[in-house]
Each structure stands twice: as C-alpha cells, then as structure tokens.
Amino acid sequence: AVTPMGRTLCTLRTLRTLREVVSQRRPFSSATAAATSTRSGVGGGAEVVRSVEYSSVTEADIARFEEILDGQAGAVVRDADDLAPLNTDWMGRHHGNSKLALKPKTTEQVSAILAHCNERRLAVVPQGG
C-alpha cells in the first residue's frame with residue numbers, strides 16, 4: 001500500500017513472506033562465526049579473516065571465466081595495480097583484497113559467472129558504476 005505521502009508500507013502478506021525467507025536461512029553457527037572473525041589490522045582497522053566456507057580461485061576457474069567472457073580484452077583483471085582502484089570503496093576508506101576482477105558485458109555472461117561461482121563456492125563481491 002502507498003500512503004498519501006508516497007511512502008510504501010509493508011503489508012501483512014509481505015511480512016509473512018519475509019518471515020518465511022528468514023526462517024529458511026541456514027543458521028549462523030559458532031563455527032561460521034569463528035571462521036569469519038576479525039582481528040585488529042594496520043591503523044586500527046579490522047582485518048577480515050577469510051571464511052572456510054568458501055573455495056579459493058584456481059587457474060581452472062580463471063580459464064573458465066576467460067571462456068565465458070569470450071577472450072574479451074581487459075575482461076579478466078589480475079594485475080595488482082589494475083585491481084587497486086577496484087579494491088577501494090568510492091570514499092577511499094575501505095580496501096579489499098580481491099585477486100581477480102571480471103568485467104562481463106552481457107547478462108548471459110553475468111549469469112554464467114555466478115552459476116560457476118555458486119557451483120564452486122567462490123565468494124563474489126558485485127560492483128557497478
């Protein structure tokens with residue numbers, strides 16, 4: 001429902017649906033919490049410890065991504081200097097540690113990449129601009 005001020009309100013049906021989705025989520029275990037714990041990093045920031053639930057990218061994964069991206073020039077980014085701006089948020093405050101960036105051009109490529117990552121349990125950080 002939309003109020004006279006143009007704000008959207010959740011309906012009871014929507015709330016029920018949200019409860020169903022939340023109840024079907026995998027429980028957050030203490031093992032998961034330990035695997036994703038943080039420790040103090042340089043400059044007082046938190047250094048994220050990689051979760052053991054995810055695989056690491058292999059050369060076979062990179063070859064598959066290159067195949068999906070049809071050998072497009074610059075679509076698979078591995079160089080640390082080229083990754084630096086992609087690993088920094090728009091405000092320059094937070095820095096990631098990705099070793100690979102992919103630049104698909106079509107929704108089919110995005111779908112194939114995400115399907116592969118899901119199958120292999122590879123973590124994904126989407127970006128757009």
Side-chain angles (χ1 to χ4, degrees):
V2 178
T3 66
M5 299 296 288
R7 295 187 176 146
T8 304
L9 301 176
C10 286
T11 64
L12 187 56
R13 182 183 199 185
T14 304
L15 290 175
R16 266 193 225 118
T17 304
L18 287 172
R19 277 192 209 116
E20 289 169 9
V21 169
V22 169
S23 68
Q24 293 173 4
R25 287 185 9 202
R26 187 170 46 167
F28 188 78
S29 69
S30 59
T32 303
T36 58
S37 64
T38 60
R39 54 191 151 98
S40 182
V42 177
E47 181 182 335
V48 177
V49 178
R50 184 175 178 80
S51 173
V52 295
E53 292 188 31
Y54 296 102
S55 300
S56 293
V57 176
T58 65
E59 289 299 320
D61 294 319
I62 294 170
R64 177 68 180 125
F65 295 141
E66 288 172 342
E67 179 184 317
I68 291 169
L69 297 170
D70 291 328
Q72 294 170 173
V76 177
V77 181
R78 297 175 73 177
D79 181 70
D81 292 335
D82 294 336
L83 286 168
L86 300 173
N87 277 325
T88 305
D89 77 318
W90 67 278
M91 293 181 70
R93 292 184 182 173
H94 305 284
H95 305 279
N97 197 27
S98 296
K99 305 292 184 221
L100 177 73
L102 304 174
K103 297 181 178 183
K105 295 210 183 266
T106 67
T107 55
E108 290 81 12
Q109 290 174 338
V110 172
S111 180
I113 289 166
L114 292 177
H116 178 79
C117 291
N118 184 53
E119 180 182 309
R120 286 265 304 118
R121 305 251 336 127
L122 296 171
V124 174
V125 179
Q127 289 187 3

Would you check if the side chain of [X] reaches a backbone N or O of [Y] as a donor-acceptor pair within less than 3.5 Å?
X	Y	answer
Asp61	Thr58	yes
Arg120	Ser56	yes
Glu119	Ala115	no
Arg64	His116	no
Asp70	Gln72	no
Asp89	His94	yes

For a 4.5 angstrom cut-off between non-hydrogen side-chain atoms, does [X] reach [Y]?
X	Y	answer
Asn87	Asn97	no
Thr88	Arg93	no
Lys99	Arg78	no

> Which other residues end up in the same hydrophobic cluster as Val76, if Ile, Leu, Val, Met, Phe, Trp and Tyr are linked when side-chain heavy atoms come under 4.5 Å apart?
Replying inline: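 Cluster partners of Val76: Val57, Ile62, Phe65, Ile68, Leu69, Leu100, Leu102, Ile113, Leu122.
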> Would you call Lys103-Glu66 a salt bridge at under 4.0 Å N-O?
Replying inline: no
>> Nearest 0.5 angstrom please: Leu83 CG to Ser98 OG, how far?
In response: 7.5 Å
